[in-house]
There are 2 protein chains.
Amino acid sequence: MNTARKRNSARQESLGVILHHAEQIFAESGFRGATMQAIADASSLPKANLHYYFPTKLALYREVIQRIFTIWLEAADSFDTSASPREALSSYIRKKMEISRTHPCGSKVWANEVIQGAPIIQDYLQTTLRAWTDSRIEVINRWISDGKIDPVDPRHLLYMLWATTQHYADFQHQVVTLNGGKRLDDTQWEVATMNVTNIILKGIGA
Amino acid sequence: MNTARKRNSARQESLGVILHHAEQIFAESGFRGATMQAIADASSLPKANLHYYFPTKLALYREVIQRIFTIWLEAADSFDTSASPREALSSYIRKKMEISRTHPCGSKVWANEVIQGAPIIQDYLQTTLRAWTDSRIEVINRWISDGKIDPVDPRHLLYMLWATTQHYADFQHQVVTLNGGKRLDDTQWEVATMNVTNIILKGIGA
DNA sequence: AGCATAGCTGACCAACTAGTCAAGAAATTG
DNA sequence: CAATTTCTTGACTAGTTGGTCAGCTATGCT
């Protein structure tokens, strides 16, 4: 049992290493631009070994996308648990900003995919994302009818939340360049988070 | 002279057709994913003809990027000409939303490029964009010291403007999917523009 | 130890793609 | 008309890339 677990964990280890580097390479080069050879090199594995774990490049890509989506959905819980709009949105923005900081590559892969018309993940958009969005729209509409926030269009508020937070991941390179080539430090991330939070909360009268 | 002009205009015609379709294909597939053959087919020209007008794929790509960047810079004039923050920002947001609607492919190509670390246009970022950004930051800072808007970080306000407006181009597919598969109509674009404008203006106390 | 299974890898191939080129068609000029 | 320049195009090449496969090694089991 101990030895069997050893082999199994070695498998998990390999899978993890491959997926981690695949995410980076796909973010850097897009689906087509990424080569299995590049992912193999980054993972310090021979290319044929990748094909042992993932039959095709597409299968590997799908797995990468799946992981990102899961992370985002988990961050979205704040919308339910918190009571007031201020709490709910502050918490959601903060979580999404943190994800932009810690998982920029995942966000980039997702952005790339959507920009290109979501050929691979269309089903996610139509099912899971759609359901999630609809349920949050209800929450926001309740805030409005309770007079807790201004009567804004919930859909566009959501887009604004996504756009502003993911910008720091997807356009990381631009942000860094305009920051004099230096990555944002702890303080700057906090400033960014507070700016986004304050402007949006005040903007909707929360 | 008349004939010479005729030939010259035929040249401009060809260049225009190629650039137009190249923009679409690059947006759909990224730099690497786009093939000269695909662009040729879309333009109804043999591939060798593309290489007559553009020596390399990279040269064609650069030209596409250049055009987008020019359009964006022109939209940015509102910042100077208008006096009050309300006017300046309303006008800028409206223009950027219009560009997102009329030139979504250009925006997507730019996004793709930046996501991948701007390997081709790094010089634009460091020179033109940087200079533009710095000058607008001054304008915003003046608004703040004049007490016309709240003391926000100008940089993050700019990022918010870019992110929210370009979202409707870059994530067009997602927006359309969440809109029941239908493209936004005139009214919906107006609603989107007003929502973005109102929330941001109120958010910064303009 | 001996057998079986999971994991690893170098060498290989078929398909694709950017770019070339030579030969011609069409327009322009003197 | 003839000469010249611009434009067009099918056919070709060199290089790259996803994916295969036969054989290898290491691990686990009895």
Side-chain angles (χ1 to χ4, degrees), chain A residues 1-65 109 112-113 116 119-120, chain B residues 1-19 21-26 28-65 109 112-113 116 119-120:
Chain A
M1 192 60 186
N2 200 355
T3 49
R5 194 182 300 151
K6 190 175 176 184
R7 185 136 86 177
N8 188 47
S9 80
R11 182 183 185 89
Q12 295 307 318
E13 169 77 14
S14 286
L15 284 171
V17 168
I18 294 171
L19 284 167
H20 173 74
H21 290 101
E23 187 175 290
Q24 288 196 309
I25 303 286
F26 279 131
E28 277 169 23
S29 315
F31 176 72
R32 190 75 191 288
T35 67
M36 293 298 270
Q37 189 62 60
I39 298 171
D41 290 348
S43 309
S44 302
L45 290 172
K47 192 183 60 152
N49 205 346
L50 262 65
H51 280 99
Y52 174 73
Y53 286 105
F54 300 94
T56 64
K57 187 180 176 182
L58 195 64
L60 174 53
Y61 182 72
R62 271 185 176 280
E63 194 62 34
V64 168
I65 292 262
V109 175
N112 237 313
E113 169 70 10
Q116 299 181 11
I120 313 289
Chain B
M1 193 58 182
N2 200 356
T3 50
R5 194 182 301 152
K6 190 175 174 184
R7 184 137 87 177
N8 189 47
S9 80
R11 183 183 184 87
Q12 295 307 318
E13 168 76 15
S14 286
L15 285 172
V17 168
I18 294 171
L19 284 167
H21 290 101
E23 187 175 291
Q24 288 197 310
I25 304 286
F26 279 129
E28 278 169 20
S29 315
F31 175 73
R32 190 77 189 289
T35 68
M36 292 298 269
Q37 189 63 60
I39 297 171
D41 290 348
S43 309
S44 301
L45 290 171
K47 191 185 61 151
N49 206 346
L50 262 64
H51 279 100
Y52 173 72
Y53 286 105
F54 300 93
T56 65
K57 186 180 174 182
L58 195 64
L60 174 54
Y61 183 72
R62 271 186 174 280
E63 193 63 34
V64 169
I65 292 261
V109 176
N112 237 313
E113 169 71 10
Q116 299 182 12
I120 313 290

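Since the model is a prediction, treat every value here as computed from it, not as a measurement.
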(request) Please assess B:L15 against B:Q12 for the test side-chain contact (heavy atoms from CB on, under 4.5 Å), listing each intermediate value before the final yes or no. (result) CA-CA 5 Å; B:L15 285 172; B:Q12 295 307 318; 4.2 Å; yes
(message) With a 4.5 Å cut-off on side-chain heavy atoms, are A:R62 and A:I65 touching?
(response) no
(message) Suppose the criterion is side-chain hydrogen bond (donor to acceptor under 3.5 Å, both in side chains): which pairs have a residue in residues 30-51 of chain A, not counting sequence neighbours?
(response) A:Q37-A:D41
(request) Residues of residues 49-61 of chain A with any non-hydrogen atom less than 4.0 angstrom from an atom of DNA chain C: list those, numerically ordered, please. (result) A:N49, A:Y52, A:Y53
(message) Distance check needed: C:dA18 P versus B:K47 NZ, whole Å only.
(response) 7 Å
(request) Begin with the C-alpha distance, continue with both residues' side-chain angles, and end with the deciding distance and a verdict on side-chain contact (heavy atoms from CB on, under 4.5 Å) for B:V17 and B:Y53. (result) CA-CA 11 Å; B:V17 168; B:Y53 286 105; over 6 Å; no
(message) Looking at B:R11, I'd like to know whether one of its side-chain N or O atoms comes within less than 4.0 Å of OP1 or OP2 on D:dC7.
(response) yes
(request) Name every residue in residues 30-46 of chain A that has at least one heavy atom under 4.0 Å from any atom of DNA chain C, in order of residue number, or write none if there are no such residues. (result) A:R32, A:P46
(request) Keeping the roles fixed (side chain from B:E113, backbone from B:I120), state whether a donor-acceptor pair exists under 3.5 Å. (result) yes
(request) Report the distance from atom CD of A:E23 to atom NE2 of A:H21, rounding to the nearest 0.5 Å. (result) 11.0 Å
(request) Measure from CG on B:L15 to P on D:dC7 and round the result to the nearest Å. (result) 9 Å
(request) Using atom types as modelled and distance alone, determine if a side-chain donor or acceptor of A:H20 lies under 3.5 Å from a backbone N or O of A:G16. (result) no
(request) Give the ring-plane orientation class for B:F31 versus B:F26, where under 30° counts as parallel, over 60° as perpendicular and anything between as tilted. (result) parallel
(message) Without decimals, in angstroms, what is the distance between A:E13 CD and C:dG7 C1'?
(response) 14 Å
